[in-house]
Amino acid sequence: MNVFATRSLNIIEDFSINERRYFFRKVSELKKAIEAGDEETMSRFRIDDPDFGIYEVFLEDSTRTKESFRNAAKFHHAKVSELLATSSSINKGESYADTFNMLSGYHNSIFIVRSKVEGLTKWLSEECSEYAERNHLPYRPAFINAGDGKHEHPTQELLDEFSFLEDLDMSFDSIHVALVGDLYHGRTVHSKADGLKIFDHVKVDLIAPEELMMPESYIEKMKENGFSVTLYPSIEEYLKAGNPARLWYFTRPQLERMGERILQKQEMLRSAITFRREFLPLLKENTKFYHPLPRHKEHPTIPTWLDKTPLNAWERQAINGMYCRIVLLSLIGGKIGEDYVPVPGEHDDDRKTEEYIIKVEPSQKKKEKNYSEGVRPISNGIVIDHICKGDTPAEIRTHMRLISSVLGLDESRGGEWVSCGADGKYKGIIFRPGAREFERKDLKRLAAIAPHCTLNIIKDGKVLEKYRTHMPPRIYNFDDLCCQNEACISNPVNGEGVPAAFYRTPDGHFACAYCGRFHSFKEIWKKH
Ligand code: NCD
(Lines give C-alpha, C1' and ligand atoms only; values in the text may rest on other atoms or scores of the structure.)
Protein backbone atom coordinates (compact mmCIF):
# COMPACT_ATOMS: atom_id res chain seq x y z
CA MET A 1 0.00 0.00 0.00
CA ASN A 2 1.27 3.46 -0.87
CA VAL A 3 -0.25 5.96 1.56
CA PHE A 4 1.05 8.97 -0.38
CA ALA A 5 -0.29 8.20 -3.86
CA THR A 6 -3.04 10.60 -5.05
CA ARG A 7 -2.95 12.57 -1.78
CA SER A 8 -3.40 16.36 -1.87
CA LEU A 9 -1.22 18.78 0.03
CA ASN A 10 -3.33 21.81 0.93
CA ILE A 11 -1.80 22.64 4.28
CA ILE A 12 1.35 21.32 5.88
CA GLU A 13 -0.67 19.28 8.39
CA ASP A 14 -2.08 17.16 5.56
CA PHE A 15 1.11 15.12 5.96
CA SER A 16 1.72 13.75 9.43
CA ILE A 17 4.94 14.48 11.32
CA ASN A 18 6.17 10.98 10.63
CA GLU A 19 5.34 11.28 6.92
CA ARG A 20 7.24 14.56 6.72
CA ARG A 21 10.28 13.07 8.42
CA TYR A 22 10.19 10.24 5.89
CA PHE A 23 9.93 12.84 3.12
CA PHE A 24 13.07 14.67 4.34
CA ARG A 25 15.09 11.45 4.40
CA LYS A 26 14.03 10.79 0.81
CA VAL A 27 15.01 14.31 -0.28
CA SER A 28 18.43 13.78 1.25
CA GLU A 29 18.78 10.56 -0.72
CA LEU A 30 17.71 12.13 -3.99
CA LYS A 31 19.87 15.22 -3.57
CA LYS A 32 22.95 13.07 -3.02
CA ALA A 33 22.10 10.97 -6.05
CA ILE A 34 21.64 14.00 -8.31
CA GLU A 35 24.83 15.62 -7.07
CA ALA A 36 26.74 12.37 -7.65
CA GLY A 37 25.09 11.71 -11.01
CA ASP A 38 23.83 8.39 -9.63
CA GLU A 39 21.35 7.50 -12.41
CA GLU A 40 20.19 4.29 -10.81
CA THR A 41 18.98 5.99 -7.62
CA MET A 42 17.46 8.84 -9.63
CA SER A 43 15.47 6.39 -11.72
CA ARG A 44 13.90 4.95 -8.55
CA PHE A 45 12.34 8.39 -7.96
CA ARG A 46 11.34 9.04 -11.57
CA ILE A 47 7.68 8.55 -12.57
CA ASP A 48 8.94 8.04 -16.11
CA ASP A 49 5.60 8.07 -17.87
CA PRO A 50 5.04 10.49 -20.79
CA ASP A 51 1.27 10.24 -20.25
CA PHE A 52 1.34 11.13 -16.55
CA GLY A 53 -0.22 14.62 -16.51
CA ILE A 54 1.13 17.33 -14.22
CA TYR A 55 -0.57 20.69 -14.58
CA GLU A 56 0.64 24.05 -13.33
CA VAL A 57 -1.95 26.74 -12.71
CA PHE A 58 -0.53 29.96 -11.31
CA LEU A 59 -3.18 32.59 -10.81
CA GLU A 60 -0.73 34.79 -8.91
CA ASP A 61 2.86 35.75 -9.82
CA SER A 62 5.68 33.32 -9.12
CA THR A 63 9.21 32.57 -10.25
CA ARG A 64 10.85 30.01 -7.95
CA THR A 65 7.83 27.94 -6.99
CA LYS A 66 6.53 27.73 -10.55
CA GLU A 67 9.87 27.11 -12.23
CA SER A 68 11.20 24.66 -9.66
CA PHE A 69 7.96 22.69 -9.98
CA ARG A 70 8.18 22.79 -13.77
CA ASN A 71 11.77 21.55 -13.68
CA ALA A 72 10.86 18.93 -11.06
CA ALA A 73 8.00 17.74 -13.28
CA LYS A 74 10.37 17.49 -16.25
CA PHE A 75 12.75 15.38 -14.17
CA HIS A 76 9.90 12.84 -14.08
CA HIS A 77 9.69 12.64 -17.90
CA ALA A 78 5.98 13.34 -17.49
CA LYS A 79 3.42 15.34 -19.49
CA VAL A 80 3.80 18.87 -18.13
CA SER A 81 1.20 21.53 -18.95
CA GLU A 82 0.39 25.01 -17.86
CA LEU A 83 -2.89 26.92 -17.86
CA LEU A 84 -2.42 30.53 -18.80
CA ALA A 85 -4.77 32.20 -16.41
CA THR A 86 -4.93 35.52 -18.25
CA SER A 87 -6.47 33.89 -21.31
CA SER A 88 -8.67 31.24 -19.67
CA SER A 89 -12.43 31.07 -19.17
CA ILE A 90 -12.01 31.95 -15.50
CA ASN A 91 -12.16 35.47 -16.92
CA LYS A 92 -15.55 34.70 -18.49
CA GLY A 93 -17.02 33.98 -15.08
CA GLU A 94 -16.44 30.23 -15.03
CA SER A 95 -16.09 28.71 -11.56
CA TYR A 96 -12.82 27.19 -10.42
CA ALA A 97 -14.60 23.87 -9.92
CA ASP A 98 -15.76 23.78 -13.57
CA THR A 99 -12.34 24.79 -14.88
CA PHE A 100 -10.39 22.21 -12.92
CA ASN A 101 -12.94 19.43 -13.42
CA MET A 102 -12.41 19.91 -17.13
CA LEU A 103 -8.62 19.78 -16.86
CA SER A 104 -8.88 16.64 -14.71
CA GLY A 105 -10.80 15.02 -17.52
CA TYR A 106 -7.83 15.45 -19.87
CA HIS A 107 -5.80 12.87 -18.02
CA ASN A 108 -4.04 15.05 -15.52
CA SER A 109 -3.23 13.53 -12.18
CA ILE A 110 -1.46 16.30 -10.27
CA PHE A 111 -2.35 19.98 -10.17
CA ILE A 112 -0.03 22.61 -8.76
CA VAL A 113 -2.08 25.70 -7.97
CA ARG A 114 -1.26 29.16 -6.66
CA SER A 115 -4.00 31.67 -6.04
CA LYS A 116 -5.05 34.67 -3.98
CA VAL A 117 -8.15 32.69 -3.02
CA GLU A 118 -7.52 30.90 0.26
CA GLY A 119 -8.51 27.25 0.61
CA LEU A 120 -8.87 26.83 -3.17
CA THR A 121 -6.97 23.54 -3.52
CA LYS A 122 -8.85 21.95 -0.63
CA TRP A 123 -12.14 22.73 -2.31
CA LEU A 124 -10.85 21.53 -5.70
CA SER A 125 -9.51 18.27 -4.30
CA GLU A 126 -13.00 17.51 -2.97
CA GLU A 127 -14.84 18.60 -6.11
CA CYS A 128 -12.53 16.98 -8.65
CA SER A 129 -12.57 13.65 -6.78
CA GLU A 130 -16.32 13.55 -7.23
CA TYR A 131 -15.98 14.55 -10.87
CA ALA A 132 -13.45 11.75 -11.43
CA GLU A 133 -15.80 9.26 -9.84
CA ARG A 134 -18.88 10.24 -11.82
CA ASN A 135 -16.89 10.18 -15.04
CA HIS A 136 -15.17 6.89 -14.20
CA LEU A 137 -11.71 8.37 -14.60
CA PRO A 138 -9.00 5.82 -13.88
CA TYR A 139 -7.27 8.17 -11.38
CA ARG A 140 -8.13 10.67 -8.70
CA PRO A 141 -6.56 14.11 -9.27
CA ALA A 142 -4.33 15.38 -6.49
CA PHE A 143 -3.78 19.04 -5.65
CA ILE A 144 -0.71 20.79 -4.37
CA ASN A 145 -1.14 24.22 -2.83
CA ALA A 146 1.64 26.41 -4.20
CA GLY A 147 0.57 29.35 -2.00
CA ASP A 148 -2.97 30.58 -1.31
CA GLY A 149 -3.29 34.26 -0.34
CA LYS A 150 -2.05 34.88 3.18
CA HIS A 151 -2.88 31.35 4.24
CA GLU A 152 -0.26 28.65 3.65
CA HIS A 153 2.59 27.60 1.41
CA PRO A 154 3.20 23.98 2.37
CA THR A 155 5.80 23.11 -0.28
CA GLN A 156 7.87 26.14 0.68
CA GLU A 157 7.58 24.90 4.25
CA LEU A 158 8.98 21.53 3.24
CA LEU A 159 11.97 23.02 1.49
CA ASP A 160 12.59 25.52 4.30
CA GLU A 161 12.65 22.73 6.85
CA PHE A 162 14.83 20.55 4.70
CA SER A 163 17.31 23.43 4.51
CA PHE A 164 17.20 23.94 8.30
CA LEU A 165 17.72 20.20 8.76
CA GLU A 166 20.82 20.23 6.60
CA ASP A 167 22.28 22.77 9.02
CA LEU A 168 21.18 20.68 12.00
CA ASP A 169 22.84 17.44 10.82
CA MET A 170 19.39 16.11 9.84
CA SER A 171 18.41 15.89 13.52
CA PHE A 172 14.78 16.38 14.59
CA ASP A 173 15.70 16.97 18.25
CA SER A 174 15.38 20.72 18.53
CA ILE A 175 15.38 23.99 16.65
CA HIS A 176 15.79 27.63 17.65
CA VAL A 177 14.78 29.88 14.78
CA ALA A 178 14.15 33.61 14.37
CA LEU A 179 11.38 34.59 11.95
CA VAL A 180 11.99 38.13 10.72
CA GLY A 181 9.99 40.41 8.48
CA ASP A 182 6.41 40.55 7.30
CA LEU A 183 4.99 37.91 9.57
CA TYR A 184 1.49 39.28 9.11
CA HIS A 185 1.09 38.71 5.36
CA GLY A 186 3.73 36.04 4.77
CA ARG A 187 2.15 32.64 4.20
CA THR A 188 5.54 30.90 4.39
CA VAL A 189 5.84 31.85 8.06
CA HIS A 190 2.21 30.95 8.74
CA SER A 191 2.94 27.41 7.57
CA LYS A 192 5.65 27.24 10.23
CA ALA A 193 3.09 27.23 13.05
CA ASP A 194 2.44 23.57 12.25
CA GLY A 195 5.45 22.87 10.07
CA LEU A 196 8.02 23.11 12.85
CA LYS A 197 6.22 20.33 14.75
CA ILE A 198 8.65 17.92 13.09
CA PHE A 199 11.14 19.00 15.78
CA ASP A 200 10.79 17.68 19.32
CA HIS A 201 11.66 21.02 20.92
CA VAL A 202 10.93 24.32 19.23
CA LYS A 203 11.92 27.85 20.19
CA VAL A 204 10.69 30.61 17.89
CA ASP A 205 11.62 34.29 18.07
CA LEU A 206 9.23 36.51 16.13
CA ILE A 207 10.80 39.76 14.96
CA ALA A 208 8.45 42.30 13.42
CA PRO A 209 6.98 45.70 14.26
CA GLU A 210 3.42 45.57 15.51
CA GLU A 211 1.89 46.28 12.07
CA LEU A 212 3.66 43.26 10.56
CA MET A 213 3.51 40.92 13.56
CA MET A 214 2.18 37.41 13.10
CA PRO A 215 -1.62 37.13 13.51
CA GLU A 216 -2.63 36.06 17.00
CA SER A 217 -4.21 32.81 15.76
CA TYR A 218 -0.85 31.54 14.45
CA ILE A 219 0.98 32.57 17.63
CA GLU A 220 -1.72 30.77 19.61
CA LYS A 221 -1.28 27.68 17.45
CA MET A 222 2.49 27.72 18.00
CA LYS A 223 1.97 27.85 21.76
CA GLU A 224 -0.57 25.03 21.62
CA ASN A 225 1.98 23.02 19.68
CA GLY A 226 4.32 23.45 22.64
CA PHE A 227 6.70 25.97 21.02
CA SER A 228 8.30 28.58 23.18
CA VAL A 229 7.52 31.90 21.47
CA THR A 230 8.95 35.37 22.12
CA LEU A 231 8.11 38.60 20.28
CA TYR A 232 10.53 41.44 19.39
CA PRO A 233 9.70 44.70 17.56
CA SER A 234 12.95 44.97 15.55
CA ILE A 235 16.25 43.23 14.78
CA GLU A 236 17.98 45.87 16.88
CA GLU A 237 15.89 45.09 19.96
CA TYR A 238 16.30 41.38 19.36
CA LEU A 239 20.07 41.57 19.31
CA LYS A 240 20.08 43.83 22.37
CA ALA A 241 18.20 41.14 24.29
CA GLY A 242 21.13 38.71 23.69
CA ASN A 243 20.95 34.98 22.89
CA PRO A 244 19.89 35.26 19.24
CA ALA A 245 19.01 32.15 17.26
CA ARG A 246 21.58 30.66 14.93
CA LEU A 247 18.98 30.18 12.20
CA TRP A 248 17.29 33.34 10.86
CA TYR A 249 14.41 33.19 8.42
CA PHE A 250 13.74 36.48 6.63
CA THR A 251 10.62 37.41 4.69
CA ARG A 252 9.89 40.28 2.38
CA PRO A 253 7.46 43.11 3.25
CA GLN A 254 4.53 42.14 1.02
CA LEU A 255 3.59 45.59 -0.22
CA GLU A 256 1.07 44.21 -2.68
CA ARG A 257 -1.05 42.88 0.20
CA MET A 258 -0.83 45.96 2.42
CA GLY A 259 -3.42 48.66 2.92
CA GLU A 260 -2.72 52.35 2.33
CA ARG A 261 -2.35 53.05 6.07
CA ILE A 262 0.56 50.64 6.47
CA LEU A 263 2.13 51.59 3.14
CA GLN A 264 2.61 55.13 4.41
CA LYS A 265 4.91 53.80 7.09
CA GLN A 266 6.80 51.39 4.86
CA GLU A 267 10.21 52.96 5.33
CA MET A 268 10.04 52.76 9.11
CA LEU A 269 8.67 49.22 9.01
CA ARG A 270 11.32 48.06 6.57
CA SER A 271 14.13 49.47 8.65
CA ALA A 272 13.02 47.42 11.70
CA ILE A 273 13.44 44.18 9.74
CA THR A 274 16.46 44.95 7.56
CA PHE A 275 19.87 43.60 8.50
CA ARG A 276 22.63 46.19 8.99
CA ARG A 277 26.42 45.93 9.01
CA GLU A 278 26.66 47.02 12.66
CA PHE A 279 24.68 43.90 13.67
CA LEU A 280 27.31 41.47 12.37
CA PRO A 281 29.43 41.20 15.55
CA LEU A 282 26.33 40.42 17.61
CA LEU A 283 25.51 37.25 15.70
CA LYS A 284 26.25 33.78 17.03
CA GLU A 285 29.02 31.79 15.41
CA ASN A 286 27.88 29.75 12.43
CA THR A 287 24.66 31.72 11.95
CA LYS A 288 22.69 31.03 8.76
CA PHE A 289 20.22 33.28 6.99
CA TYR A 290 17.33 31.89 4.95
CA HIS A 291 14.75 33.63 2.78
CA PRO A 292 11.96 32.17 0.62
CA LEU A 293 12.78 34.99 -1.88
CA PRO A 294 12.18 37.13 -3.84
CA ARG A 295 13.97 40.05 -2.19
CA HIS A 296 13.44 43.58 -3.41
CA LYS A 297 16.22 44.85 -5.68
CA GLU A 298 16.33 48.31 -4.09
CA HIS A 299 15.29 47.49 -0.54
CA PRO A 300 16.39 43.94 0.25
CA THR A 301 16.00 42.99 3.94
CA ILE A 302 19.07 40.78 3.47
CA PRO A 303 21.47 43.24 1.77
CA THR A 304 23.41 41.93 -1.22
CA TRP A 305 26.80 42.48 0.46
CA LEU A 306 25.95 39.40 2.54
CA ASP A 307 25.73 37.14 -0.53
CA LYS A 308 29.36 36.14 -0.43
CA THR A 309 29.47 35.48 3.33
CA PRO A 310 28.94 32.16 5.12
CA LEU A 311 25.60 33.53 6.39
CA ASN A 312 24.16 32.83 2.97
CA ALA A 313 21.95 29.75 3.17
CA TRP A 314 19.13 31.21 1.04
CA GLU A 315 20.76 30.23 -2.24
CA ARG A 316 21.08 26.58 -1.21
CA GLN A 317 17.52 26.80 0.14
CA ALA A 318 16.18 27.89 -3.28
CA ILE A 319 18.12 25.10 -5.00
CA ASN A 320 16.62 22.62 -2.52
CA GLY A 321 13.22 23.71 -3.78
CA MET A 322 13.58 21.58 -6.88
CA TYR A 323 14.80 18.50 -5.00
CA CYS A 324 11.94 18.73 -2.53
CA ARG A 325 9.40 19.13 -5.31
CA ILE A 326 10.79 16.19 -7.28
CA VAL A 327 10.32 13.99 -4.22
CA LEU A 328 6.85 15.34 -3.53
CA LEU A 329 5.78 14.48 -7.07
CA SER A 330 7.38 11.01 -6.71
CA LEU A 331 5.30 10.41 -3.58
CA ILE A 332 1.98 11.75 -4.83
CA GLY A 333 2.59 10.08 -8.19
CA GLY A 334 2.94 6.79 -6.30
CA LYS A 335 6.50 6.15 -7.52
CA ILE A 336 8.03 5.97 -4.04
CA GLY A 337 6.53 5.55 -0.58
CA GLU A 338 5.82 1.80 -0.52
CA ASP A 339 8.38 1.32 2.23
CA TYR A 340 6.86 3.94 4.49
CA VAL A 341 5.67 2.47 7.79
CA PRO A 342 2.54 4.33 8.95
CA VAL A 343 2.22 5.22 12.61
CA PRO A 344 -1.12 3.95 13.95
CA GLY A 345 -3.61 6.77 14.39
CA GLU A 346 -1.43 9.40 12.72
CA HIS A 347 -4.40 10.77 10.77
CA ASP A 348 -7.08 10.18 13.39
CA ASP A 349 -9.10 13.07 14.60
CA ASP A 350 -10.06 12.61 18.25
CA ARG A 351 -12.72 15.26 17.97
CA LYS A 352 -14.88 13.31 15.52
CA THR A 353 -16.73 11.04 17.89
CA GLU A 354 -17.00 13.41 20.80
CA GLU A 355 -20.46 14.18 22.19
CA TYR A 356 -21.27 17.86 22.50
CA ILE A 357 -24.88 17.80 23.64
CA ILE A 358 -25.09 16.17 27.03
CA LYS A 359 -28.45 15.07 28.27
CA VAL A 360 -28.68 15.66 32.01
CA GLU A 361 -31.28 14.32 34.41
CA PRO A 362 -33.66 17.10 35.38
CA SER A 363 -33.68 17.54 39.14
CA GLN A 364 -36.67 15.66 40.66
CA LYS A 365 -36.41 17.32 44.03
CA LYS A 366 -39.41 19.36 44.95
CA LYS A 367 -37.61 22.37 46.26
CA GLU A 368 -38.67 25.87 46.92
CA LYS A 369 -37.37 27.17 43.65
CA ASN A 370 -35.46 30.44 43.43
CA TYR A 371 -36.41 31.70 40.04
CA SER A 372 -33.98 34.05 38.33
CA GLU A 373 -35.33 37.55 38.72
CA GLY A 374 -38.09 38.40 36.31
CA VAL A 375 -38.52 34.90 34.93
CA ARG A 376 -41.83 33.34 35.72
CA PRO A 377 -42.08 29.60 35.34
CA ILE A 378 -43.65 28.52 32.09
CA SER A 379 -45.63 25.33 32.00
CA ASN A 380 -45.00 24.32 28.39
CA GLY A 381 -42.11 25.41 26.19
CA ILE A 382 -38.37 25.91 26.28
CA VAL A 383 -35.92 27.85 28.40
CA ILE A 384 -32.34 28.37 27.23
CA ASP A 385 -30.26 29.39 30.22
CA HIS A 386 -26.66 30.40 31.03
CA ILE A 387 -26.17 32.21 27.71
CA CYS A 388 -22.80 34.01 27.33
CA LYS A 389 -22.16 33.88 31.05
CA GLY A 390 -19.64 36.54 32.02
CA ASP A 391 -20.22 38.89 29.05
CA THR A 392 -21.64 42.37 29.47
CA PRO A 393 -25.45 42.77 29.38
CA ALA A 394 -25.22 44.56 26.02
CA GLU A 395 -23.11 41.77 24.51
CA ILE A 396 -25.48 39.14 25.87
CA ARG A 397 -28.51 40.95 24.43
CA THR A 398 -26.89 41.27 21.00
CA HIS A 399 -26.04 37.60 20.95
CA MET A 400 -29.47 36.51 22.16
CA ARG A 401 -30.99 38.29 19.18
CA LEU A 402 -28.77 36.21 16.89
CA ILE A 403 -29.58 32.98 18.75
CA SER A 404 -33.29 33.64 18.44
CA SER A 405 -32.95 34.25 14.73
CA VAL A 406 -30.62 31.30 14.02
CA LEU A 407 -32.89 28.91 15.93
CA GLY A 408 -36.01 30.26 14.23
CA LEU A 409 -37.51 31.52 17.48
CA ASP A 410 -38.26 35.06 16.36
CA GLU A 411 -41.90 34.48 15.59
CA SER A 412 -42.86 32.83 18.89
CA ARG A 413 -44.14 34.33 22.11
CA GLY A 414 -41.70 34.80 24.96
CA GLY A 415 -38.70 36.91 25.68
CA GLU A 416 -35.06 37.37 26.56
CA TRP A 417 -33.74 38.28 29.95
CA VAL A 418 -30.36 39.24 31.38
CA SER A 419 -29.86 38.25 34.98
CA CYS A 420 -27.02 38.61 37.42
CA GLY A 421 -25.90 35.68 39.54
CA ALA A 422 -24.62 35.71 43.11
CA ASP A 423 -21.10 35.70 41.66
CA GLY A 424 -21.78 39.06 40.02
CA LYS A 425 -21.68 37.55 36.53
CA TYR A 426 -24.35 38.28 33.96
CA LYS A 427 -26.01 35.61 31.85
CA GLY A 428 -28.78 35.49 29.29
CA ILE A 429 -32.01 33.50 29.35
CA ILE A 430 -34.36 32.96 26.42
CA PHE A 431 -37.79 31.60 27.16
CA ARG A 432 -40.43 30.59 24.71
CA PRO A 433 -43.76 29.33 26.00
CA GLY A 434 -45.67 26.98 23.74
CA ALA A 435 -44.65 23.57 22.49
CA ARG A 436 -41.55 23.34 20.33
CA GLU A 437 -39.81 20.25 19.08
CA PHE A 438 -36.01 20.30 19.15
CA GLU A 439 -34.56 17.95 16.57
CA ARG A 440 -30.96 16.80 16.52
CA LYS A 441 -30.05 19.44 13.93
CA ASP A 442 -31.57 22.18 16.11
CA LEU A 443 -29.53 20.93 19.05
CA LYS A 444 -26.41 21.08 16.93
CA ARG A 445 -27.17 24.65 15.90
CA LEU A 446 -27.86 25.51 19.51
CA ALA A 447 -24.56 23.98 20.67
CA ALA A 448 -22.69 25.95 18.00
CA ILE A 449 -24.31 29.30 18.68
CA ALA A 450 -24.72 28.98 22.45
CA PRO A 451 -22.06 26.67 23.81
CA HIS A 452 -22.10 26.10 27.57
CA CYS A 453 -25.78 26.84 27.93
CA THR A 454 -28.60 24.62 29.15
CA LEU A 455 -31.77 23.85 27.29
CA ASN A 456 -34.81 22.96 29.36
CA ILE A 457 -37.80 21.42 27.63
CA ILE A 458 -40.78 21.98 29.87
CA LYS A 459 -44.03 20.09 29.76
CA ASP A 460 -46.96 20.43 32.14
CA GLY A 461 -44.93 22.49 34.52
CA LYS A 462 -42.05 19.98 34.73
CA VAL A 463 -38.64 19.92 33.14
CA LEU A 464 -39.09 16.97 30.83
CA GLU A 465 -35.63 17.05 29.26
CA LYS A 466 -32.53 19.02 29.99
CA TYR A 467 -29.40 19.37 27.84
CA ARG A 468 -26.04 20.99 28.38
CA THR A 469 -24.23 22.15 25.26
CA HIS A 470 -20.55 22.22 24.33
CA MET A 471 -18.96 23.52 21.14
CA PRO A 472 -19.44 20.88 18.42
CA PRO A 473 -16.14 19.56 16.98
CA ARG A 474 -17.40 20.32 13.48
CA ILE A 475 -20.17 22.39 12.02
CA TYR A 476 -21.24 22.24 8.36
CA ASN A 477 -24.24 21.54 6.17
CA PHE A 478 -26.15 24.66 7.19
CA ASP A 479 -26.88 27.29 4.54
CA ASP A 480 -26.50 30.21 6.91
CA LEU A 481 -22.90 29.49 7.96
CA CYS A 482 -20.30 31.91 6.62
CA CYS A 483 -16.54 32.31 6.89
CA GLN A 484 -15.83 36.02 7.52
CA ASN A 485 -12.62 36.03 5.45
CA GLU A 486 -13.39 37.59 2.08
CA ALA A 487 -10.32 35.96 0.55
CA CYS A 488 -11.68 32.50 1.43
CA ILE A 489 -13.06 30.26 -1.32
CA SER A 490 -16.17 29.67 0.82
CA ASN A 491 -16.97 33.37 1.31
CA PRO A 492 -20.04 34.35 -0.75
CA VAL A 493 -18.23 37.36 -2.29
CA ASN A 494 -16.22 34.91 -4.39
CA GLY A 495 -19.40 33.47 -5.85
CA GLU A 496 -18.04 29.91 -6.03
CA GLY A 497 -20.98 28.40 -4.12
CA VAL A 498 -18.75 26.63 -1.61
CA PRO A 499 -20.63 25.71 1.57
CA ALA A 500 -18.88 26.99 4.70
CA ALA A 501 -17.57 24.46 7.22
CA PHE A 502 -15.73 24.86 10.51
CA TYR A 503 -13.92 22.73 13.02
CA ARG A 504 -13.25 23.50 16.64
CA THR A 505 -9.71 24.43 17.67
CA PRO A 506 -8.16 23.35 20.98
CA ASP A 507 -8.53 26.89 22.33
CA GLY A 508 -12.25 27.03 21.62
CA HIS A 509 -12.49 28.81 18.28
CA PHE A 510 -14.11 27.66 15.07
CA ALA A 511 -11.50 27.51 12.30
CA CYS A 512 -12.70 27.64 8.70
CA ALA A 513 -12.16 24.26 7.06
CA TYR A 514 -10.83 26.00 3.94
CA CYS A 515 -8.80 29.08 4.90
CA GLY A 516 -8.19 28.22 8.56
CA ARG A 517 -9.40 31.65 9.76
CA PHE A 518 -10.31 31.58 13.47
CA HIS A 519 -13.82 32.69 14.43
CA SER A 520 -15.52 32.97 17.79
CA PHE A 521 -18.79 31.02 18.08
CA LYS A 522 -20.60 34.33 17.53
CA GLU A 523 -19.00 34.94 14.15
CA ILE A 524 -19.72 31.92 11.98
CA TRP A 525 -23.16 32.93 10.75
CA LYS A 526 -24.33 34.99 7.81
CA LYS A 527 -26.10 38.23 8.70
CA HIS A 528 -29.50 37.25 10.10
C1 NCD B 1 6.97 33.47 -1.25
C2 NCD B 1 5.53 33.39 -1.63
O3 NCD B 1 5.15 33.53 -2.78
O4 NCD B 1 4.74 33.17 -0.72
N5 NCD B 1 7.90 33.18 -2.24
C6 NCD B 1 8.10 31.91 -2.70
O7 NCD B 1 7.19 31.15 -2.93
N8 NCD B 1 9.36 31.53 -2.86
C9 NCD B 1 7.29 34.67 -0.47
C10 NCD B 1 7.01 36.02 -1.01
O11 NCD B 1 6.27 36.26 -1.95
O12 NCD B 1 7.57 36.96 -0.40
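Remember, it's 1-based here, ligands and their atoms both numbered in the order they're listed. If you're wondering where the values come from, they're calculated on a predicted model, not measured in any experiment.
Regarding atom 7 (O) of ligand 1, its nearest protein heavy-atom neighbour is His153 NE2, 2.8 Å.
Using a 4.0 Å cut-off between heavy atoms, Leu293 contacts ligand 1 through its backbone alone, with no side-chain atom that close.
In this structure, Lys116 NZ and Asp61 CG are separated by 7.0 Å, a value rounded to the nearest 0.5 Å.
Distances below 4.0 Å separate heavy atoms of Arg187 from the following atoms of ligand 1: 2 (C), 3 (O), 4 (O). Under a 4.0 Å criterion applied to the non-hydrogen atoms of Arg252, ligand 1 contributes the atoms 10 (C), 11 (O), 12 (O). Each of the atoms 6 (C), 7 (O), 8 (N) of ligand 1 lies under 4.0 Å from some heavy atom of Gln156. Annotation for ligand 1: atoms under 4.0 Å from non-hydrogen atoms of Arg114 are 2 (C), 3 (O), 7 (O).
Within a 6.0 Å sphere centred on CD of Glu35, heavy atoms belonging to other residues, nucleotides or ligands number more than 12.
An N or O contact shorter than 3.5 Å links Pro292 to ligand 1 by distance. The distance criterion of under 3.5 Å between nitrogen or oxygen atoms is met by Thr65 with respect to ligand 1.
Classification of Lys240 and Glu237 as a salt-bridged pair holds, one side-chain N sitting under 4.0 Å from a carboxylate O.
The side-chain contact (heavy atoms from CB on, under 4.5 Å) search around Pro499 returns Trp123, not counting sequence neighbours.
Using a 30° and 60° split on the angle between ring planes, Phe279 and Phe275 fall in the perpendicular class, above 60°.
Judged as a ring pair (Phe, Tyr, Trp, His ring centres under 6.0 Å), the pairs with a partner in residues 6-36 (not counting sequence neighbours) are, in order, Phe4-Phe15, Phe4-Tyr22, Tyr22-Tyr340.
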